[in-house]
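What follows is a set of notes on a single structure, which appears directly below.
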Amino acid sequence: MTPPPTVLTTHADDPEPPPLHPSPLPFTAPWSYELHFPCDPRAPGIARLTLRAVLTTHGLAELTDRAELLTSELATNSVRHTKGPAFVRLHWLNPVLRVSVWDMGPDLPPLPTPRTVPAYADSGRGLLILDLLADRWGGCGTGEGPYGPAGKTIWFELALPPQLPPGALAA
């Protein structure tokens with residue numbers, strides 16, 4: 001036998017019920033998202049889709065194309081050159097988006113130059129693209145420690161352009 005449905009009643013003097021969902025974060029509020037993925041060739045595509053959904057939802061569409069390309073490059077390198085899991089972390093601190101990709105590979109890749117990557121090469125340009133499109137980027141190796149295995153993190157930052165004050169163009 002199923003129990004009868006619960007009926008909520010309110011009276012004029014009852015306090016206002018709590019909202020069903022929390023209010024969205026203000027645009028300037030910081031936030032972070034992480035996506036953990038296995039060493040799987042589908043992972044970079046999933047990272048791209050996730051990043052696009054997060055940035056679109058947070059009103060950062062103007063950063064999406066560059067962030068998607070750079071995240072795809074780094075996630076692809078993780079899947080291609082390491083054997084273990086990886087993760088992508090998105091961190092917003094207005095007006096800067098930082099995307100970090102961690103994997104279990106202990107070595108930071110050398111920065112190639114246009115001379116070291118032949119024109120006919122199928123790969124090897126990811127860090128050159130990163131260097132051209134990111135506002136800032138870097139990387140660091142992490143040694144074996146109490147919090148987990150060794151690996152490396154490569155990150156990049158994209159900043160929103162500064163907003164002009166209203167009427168600045170008219171002056």
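Atoms considered below: every heavy atom in the structure, side chains included; atoms not considered: hydrogens, waters and symmetry mates.
- In terms of modelled atom types and a separation under 3.5 Å, the side chain of Arg66 and the main chain of Ala134 share no donor-acceptor contact.
- Annotation: Trp31 is in aromatic contact with His58 [ring centroid separation under 6.0 Å].
- Put simply, Leu51 and Leu93 are part of two different groups of oily side chains (I, L, V, M, F, W, Y) that touch within less than 4.5 Å, one to the next.
- Nearest heavy-atom pair, Ala86 versus Ser78, reported as atom, atom and distance to 0.1 Å: CB-CB, 4.1 Å.
- A search for side chain to side chain donor-acceptor pair (under 3.5 Å) contacts involving Trp137 returns Asp131, not counting sequence neighbours.
- A donor and an acceptor atom, one from each side chain of Ser32 and Arg89, are located under 3.5 Å apart.
- No continuous path of hydrophobic side-chain contacts links Leu49 to Leu70 [ILVMFWY only; heavy atoms under 4.5 Å].
- Put simply, CZ on Arg136 and CG on Leu130 are 12.5 Å apart, with the number rounded to the nearest 0.5 Å.
- Shown here for Ala159 and Asp135, the closest heavy-atom pair between the two residues is N-OD2, 2.6 Å.
- Atom CG of Leu35 is separated from atom CG of Leu90 by 8.5 Å, given to the nearest 0.5 angstrom.
- Trp155 is not connected to Leu60 by any chain of hydrophobic side-chain contacts under 4.5 Å among Ile, Leu, Val, Met, Phe, Trp and Tyr, and they are in different clusters.
- At a threshold of 4.5 Å between non-hydrogen side-chain atoms, the residues Asn94 and Pro30 do not count as touching.
- Between Phe37 and Val88, the closest side-chain pair of non-hydrogen atoms falls below 4.5 Å.
- No side-chain heavy atom of Thr71 sits less than 4.5 Å from a side-chain heavy atom of Arg48.
- With a 4.5 Å cut-off on side-chain heavy atoms, Leu63 and Trp92 count as touching.
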Practice task
Dump the intermediate steps for side chain to side chain contact (heavy atoms under 4.5 Å, CB included) on Thr82 and Lys152, then the final yes or no.
Solution key: CA-CA 11 Å; Thr82 65; Lys152 69 177 170 301; 4.2 Å; yes
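- A heavy-atom distance below 4.5 Å is not found between the side chains of Pro44 and Glu73.
- Residues passing the side-chain contact (heavy atoms from CB on, under 4.5 Å) test with Arg52, sequence neighbours excluded: Thr56, Thr64, Asp65, Glu68.
- Within the 4.5 Å cutoff, no side-chain heavy atoms of Val96 are placed close to those of Leu158.
- With respect to Arg80 and Asp103, no salt bridge is recorded, no charged nitrogen being found less than 4.0 Å from a carboxylate O.
- Following chains of ILVMFWY side-chain contacts shorter than 4.5 Å, one can reach Val54 starting from Phe27, so the two form part of one hydrophobic cluster.
- A heavy-atom distance below 4.5 Å is found between the side chains of Leu97 and Val99.
- The CZ atom of Phe156 lies 12.0 Å from the CG atom of Leu127; values are rounded to the nearest 0.5 Å.
- To the nearest 0.5 Å, atom CD of residue Glu157 and atom NE2 of residue His91 are 9.5 Å apart.
- Between Val101 and Ile154 the shortest side-chain heavy-atom distance does not fall below 4.5 Å.
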